[in-house]
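Reading through the structure tokens given below for one structure.
Since the model is a prediction, treat every value here as computed from it, not as a measurement. The chains referred to below are lettered A, B, ... by the order of the sequence lines, with proteins before strands, and numbering in each begins at 1.
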Amino acid sequence: MIVAEGVVKRFGRTTALGGVSLHVRAGERVALLGHNGAGKSTLMKLLTGQMLPGEGSVRIAGIDVAVSPNAARERLGFVPEEPAVWDYLTAREMLEFVVGVRGRGDVDAALELTGLGADADRLVREYSQGMRRKVAIAAALIADPPALIFDEALNGLDPPSALRVAEELQRRAAAGAAVLLSTHVIDLVPRVADRVVVLRAGRVEADAPVAELGPEGLARVFG
Amino acid sequence: MIWGLTPAIAVLGALPLLSNSVYSFTNLDEVGRRVGAVGLLDRVGVLMAAVLALRAYDLVVRGPDRGVVDLHPVRPGLYVAARLRRAALGAWPSLLAGLAALVPLRFDLQVLGLGALFVGGAWAAGLGVGIGVNLAAPALATRPGVSGLLDAVRGVNPRAQAALIWAPAVALAGAGLAVMGGGEALAVGLRGETWGYAGVLLPWIVGAAGARLAFVDGDTLARIPAVLGEVDASYAAVEAAEEGRAVYLEWIVPWAPPGLRAELLRVLRAGWRAERGWVGATFLGALVAAAAGWTDDPALAPRLVTVAGLSLAAFGLVGPRLRGHDPVWLTLSLPARGRATAVAVAIVAWGQVVVIGGVAALAVRQGVVAFASGARLEALLLLFAALGSRLPAAAYVPLALVLWALGGWA
């Protein structure tokens, strides 16, 4: 569902990704780990059509992102590391905009899911960083896309909210969605992922089921 | 909303000060007034189209809402209509300011009406062509006629990137030519050839045709972030390599008082790296000033101060722009002493190229008389630097316009 095939990306003389292949199947939750500079952000930008691969291809739900970026966007819900929200709309208005462009979605359900119901009619500019992130998460989930990519998206959420979002991602995966989530928080991985992929220096260093690795194995492959 | 009226109020405030220079034609006979009015309309129209064509790039390609919009699918018709509406709403203060500049034409209501229609058309041409060309650039890059041309100018950039890089220049040229053509036709109309009045419609027609270009398919619109991402990544790589090198005018730092050196170095580097387009525009200002100063006619010598002074007034905005890059923590955690002075010193240093360019040209043609204009320009530059280093843009712009008008009038 979320596929990177032999992706190479160079910036001048620097090779950010040196032939990365990543497959997230329908119903699967994958955590993408990597230290700063490992290539996570570059890979996220390629997967979400914010940048083009130098070699290789990227597909969302079978659609080549470079060839048909708009169709790929239809099938992707993406939460960037910095939540992108409109300060001068309320959370409800912002989600109504998303429903408008995506053609489907339940605003009240998304607000309920992210715990924003009581603050839904306040301007987003009055929100805390965590609440802004919740709006971005609600916008990514609202139209129920088959592919979900969360870039460090649980950072800054209070623990109950992070848990609720993690449970929602599990429920979506069980219903057939593919979930890719990058994080630095290794303790979070068992709650949000079935499989872990570790990037180091622009290459996939490890790719293994979380259950097989266990806490020590996770610490070892990430360490 | 109220701040949107500021440019128009500033223009209205400057009008009496410009009555003996820019608007001196209003004291002539009817024929002279009509000739002068056409000249004024040409200048206001071209300026309006140029500002709007360049502003369109900021509004639709680099707009602050891209972060939200780019995460979701594009419905082409709705998307483009929303972009056009938003751009028009954001640009209405420019239209009001342009119309305010026509108030002295009230001696002839026919000329005033045609002028308002013409300046409105310049506004529409700048926005329409600017938005259309910028949004359609990645699609236009693949057309056979365009791709061959792009191959000749794109260097190492892929075609789509080259198209986006060149789009503002193409928009500028397209809108500018439409306005100039319309102005020529309007002049013919005012000389008595009725068909010439139709020329007033030319900028409107070109603007509408330009806007029509923007209605491309969703994939083209959705591809823009990737193209921009590649452009930004290329610049980031170049800038990273440049980090260790000295920037333009950094050599002046050791000559500054010891207490100012660190702040001046920071301002010069921030200016060159974060506001390079703005600082680099001084070179264009120098060329324009040199063109204004290149005259043997003593009666035309004052136009150097008018033209170069306007460049310097616009350049003083680099101060508010630079302060916008300062993180809050910097202001809170480090003493602010010397920061505004450093910005002012940097503005004066960067602005010298405009003064020198204009004065040198005038000195070649008219000799030492040029240095009087140079002294007046230096005085204006010092004032713009002092104001620009301390005031927000909304307060700076009207004050700088009035100062410029006073400088030209005095």
Do any of [range] have a heavy atom less than 4.5 Å from a heavy atom of chain A, and if so, which, in residue order?
range: residues 208-216 of chain B; result: none
range: residues 217-228 of chain B; result: B/Gly218, B/Asp219, B/Ala222, B/Arg223, B/Pro225, B/Ala226
range: residues 67-77 of chain B; result: B/Gly67, B/Val68, B/Val69, B/Asp70, B/Leu71, B/His72, B/Pro73, B/Val74, B/Arg75

Is it the backbone or the side chain of [X] that comes under 4.5 Å from a heavy atom of chain B, or both, or neither?
X: A/Ala66; answer: backbone
X: A/Ser68; answer: both
X: A/Val85; answer: backbone
X: A/Ala136; answer: neither

Legend entry - Residue, of A/Leu46, A/Val67, A/Leu76, that accumulates the most heavy atom pairs under 4.5 Å with chain B: A/Val67
Legend entry - Option that, when pairs with chain B are counted at under 4.5 Å, heavy atom only, ranks first among A/Pro69, A/Pro80, A/Ala84: A/Pro69
Legend entry - A/Arg59: partners by salt bridge (Lys or Arg N to Asp or Glu O under 4.0 Å), with sequence neighbours left out: A/Glu5
Near [X] [atom1], under 6.0 Å, is it more than 12 heavy atoms from other residues, nucleotides or ligands?
X: A/Glu96; atom1: CD; answer: yes
X: A/Arg203; atom1: CZ; answer: no
X: A/Arg122; atom1: CZ; answer: yes
X: B/Arg66; atom1: CZ; answer: yes

